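Here is the structure we will look at.
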2 protein chains.
Amino acid sequence: MKLDDIGGQLVKGHLEMLLLGVLEQGPLHGYAIIEQLRKRSGGVFELPEGTIYPALHRLEDAGCLTSSWSEAAGRRRREYRLTGEGREALAAKREQWTSFSAAVGGVIGTALAGGAL
Amino acid sequence: MKLDDIGGQLVKGHLEMLLLGVLEQGPLHGYAIIEQLRKRSGGVFELPEGTIYPALHRLEDAGCLTSSWSEAAGRRRREYRLTGEGREALAAKREQWTSFSAAVGGVIGTALAGGAL
DNA sequence: GTTTCATACCTAGTCAACCTAGGTATCAAT
DNA sequence: ATTGATACCTAGGTTGACTAGGTATGAAAC
């Protein structure tokens with residue numbers, strides 16, 4: 001099931017965690033990040049470039065990522081890589097997510113050991 | 001752990017689901033809704049009135065809630081009650097939440113049968 | 001050979017909605 | 001008489017995902 005019907009803003013407040021998450025296992029360039037998010041989310045996250053690129057720049061400005069240009073198949077790519085600060089931020093955001101999702105479960109009555117439909 | 005450090009917007013995109021969720025088991029007035037959200041979330045959701053009241057009005061405008069004034073202990077209260085439409089909306093948002101949280105788990109590697117700290 | 005599609009990057013501006021900051025009012029307690 | 005909890009409200013700020021445009025290369029289609 002897609003989330004399009006939410007009417008946009010579907011990852012509000014969680015996008016940076018998602019970006020840090022996909023970069024945890026190794027550096028990727030922007031376009032590949034979009035694909036990874038789609039694949040790893042089972043097609044739920046179809047995030048437009050206008051969402052991803054500014055967010056990557058914000059994360060770089062914040063010191064969570066570094067980037068470097070590379071050339072592949074005649075195409076220039078900007079590869080993003082987690083910094084130590086980025087790993088710390090990811091760890092913090094994971095905790096926040098755990099807390100948040102548990103809290104949501106407490107309110108709407110979704111069993112924690114669930115996700116089960 | 002609180003979520004204050006997120007820097008606001010802590011329930012972005014999920015507030016309406018939370019409100020519908022607390023009203024599922026019976027009508028409540030606004031102030032009581034705030035307390036219920038705090039209690040049921042284990043203290044994570046400390047939502048200000050300026051967040052809750054406009055959201056309740058939006059939900060009423062959307063046909064998900066009806067309201068009626070009542071008097072208790074010399075204080076006027078507006079009691080909100082789920083409509084049939086509201087229950088449908090809640091069911092839909094529950095499914096969206098399940099899909100969303102599963103997708104997040106797929107990206108950041110949180111086991112679904114988790115939430116476990 | 002040129003149009004199309006996938007790859008690959010970017011930014012300016014829009015818009016939704018959460019929150020801040022103020023306001024009103026009652027009742028109990030100090 | 002003032003403070004604090006209860007109980008409601010709205011205007012406006014701010015944030016950030018998204019829309020809608022732009023540039024450019026390489027491969028495939030026609």
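On a predicted model such as this, the values are computed, not experimentally measured, just so you know. In what follows, every chain begins at residue 1, and chains take the letters A, B, ... in the order their sequences are listed.
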Task: Distance-minimising heavy-atom pair for A103(A) and V44(B) - done: CB-CB, 3.7 Å

TODO: Using heavy atoms and a sub-4.0 Å distance, could you list which residues of residues 20-29 of chain A are near DNA chain C? By number, please.
DONE: H29(A)

Task: d(CD, E71(B); P, dT6(D)) in whole Å - done: 17 Å

Task: Close approaches to DNA chain D from residues 50-68 of chain B, in residue order (heavy atom, under 4.0 Å) - done: G50(B), Y53(B), P54(B), H57(B)

Task: Trace of the side chain to side chain contact (heavy atoms under 4.5 Å, CB included) decision for W97(B) with K93(B) - done: CA-CA 6 Å; W97(B) 168 255; K93(B) 283 170 190 300; over 6 Å; no

Open item on the list: Test: salt bridge (charged side-chain N to carboxylate O under 4.0 Å, His left out). Region: residues 48-68 of chain B. Which pairs qualify, not counting sequence neighbours?
Closed with: E16(B)-R58(B), E60(B)-R78(B)

- [ ] Provide, to the nearest angstrom, the distance between the NZ atom belonging to K12(B) and the P atom belonging to dA16(C).
- [x] 11 Å

TODO: May I have the distance from E46(B) (atom CD) to dC18(C) (atom C1'), rounded to whole angstrom?
DONE: 16 Å

Open item on the list: Using whole Å, what does the distance between atom P of nucleotide dT6(D) and atom CD1 of I33(B) come to?
Closed with: 15 Å

Open item on the list: Checking L65(A) against L20(A) for the side chain to side chain contact (heavy atoms under 4.5 Å, CB included) test, could you report, in this order, the C-alpha distance in whole Å, the side-chain angles of both residues, the deciding distance, and whether it holds?
Closed with: CA-CA 8 Å; L65(A) 302 177; L20(A) 296 173; 4.0 Å; yes

- [ ] With sequence neighbours left out, write down each residue that passes side-chain contact (heavy atoms from CB on, under 4.5 Å) with R87(B), or none if nothing qualifies.
- [x] E24(B), L82(B)

Open item on the list: Looking at every heavy atom in both V104(B) and M17(A), which two are closest together, and how far apart are they?
Closed with: CG1-CE, 3.7 Å

Show me the protein contacts with nucleotides 1-3 of chain C, counting only N or O atoms at under 3.5 Å.
none

Task: Whole-Å gap separating P (dC18(D)) and CD (E16(A)) - done: 13 Å

Open item on the list: Using modelled atom types and a 3.5 Å cut-off, is there a donor and acceptor pairing between side-chain atoms of T83(A) and backbone atoms of C64(A)?
Closed with: yes

Task: Exercise: identify the closest heavy-atom pair between I52(A) and G30(A) - done: CG2-O, 4.3 Å

TODO: Take atom CZ of R78(A) and atom C1' of dC10(C), then tell me their distance rounded to the nearest Å.
DONE: 9 Å

Open item on the list: I need the NE2-P distance between H14(B) and dA16(C), as an integer number of Å.
Closed with: 18 Å

- [ ] To the nearest Å, give me how far apart CZ (R77(A)) and C1' (dA24(D)) are.
- [x] 15 Å

TODO: Without swapping roles, check the side chain of R77(B) against the backbone of A72(B) for a donor-acceptor pair under 3.5 Å.
DONE: no

TODO: Before giving the answer on side chain to side chain contact (heavy atoms under 4.5 Å, CB included), spell out for L59(A) and L23(A) the whole-Å C-alpha distance, their side-chain angles and the decisive distance to 0.1 Å.
DONE: CA-CA 12 Å; L59(A) 284 167; L23(A) 288 171; over 6 Å; no

- [ ] Kindly determine whether L37(A) and L19(A) satisfy side chain to side chain contact (heavy atoms under 4.5 Å, CB included), including the steps that lead there.
- [x] CA-CA 8 Å; L37(A) 283 172; L19(A) 293 175; 4.1 Å; yes

Task: S99(A) side-chain N/O to E95(A) backbone N/O, donor-acceptor pair under 3.5 Å - done: no

Open item on the list: I'd like to check Y80(A) versus H57(A) (side-chain heavy atoms, cut-off strictly below 4.5 Å). Are they in contact?
Closed with: yes

Task: Annotated protein contacts, base or backbone, on nucleotides 22-30 of chain C with a non-hydrogen cut-off under 4.0 Å, one of B, S, - each - done: ----BB---

Open item on the list: So does W69(A) get a backbone contact from the side chain of R76(A), meaning a donor-acceptor N/O pair under 3.5 Å?
Closed with: no

Open item on the list: Side chain of W69(B), heavy atoms from C-beta onward: which of dA7(D), dT19(D), dC9(D) has the nearest atom to it?
Closed with: dC9(D)

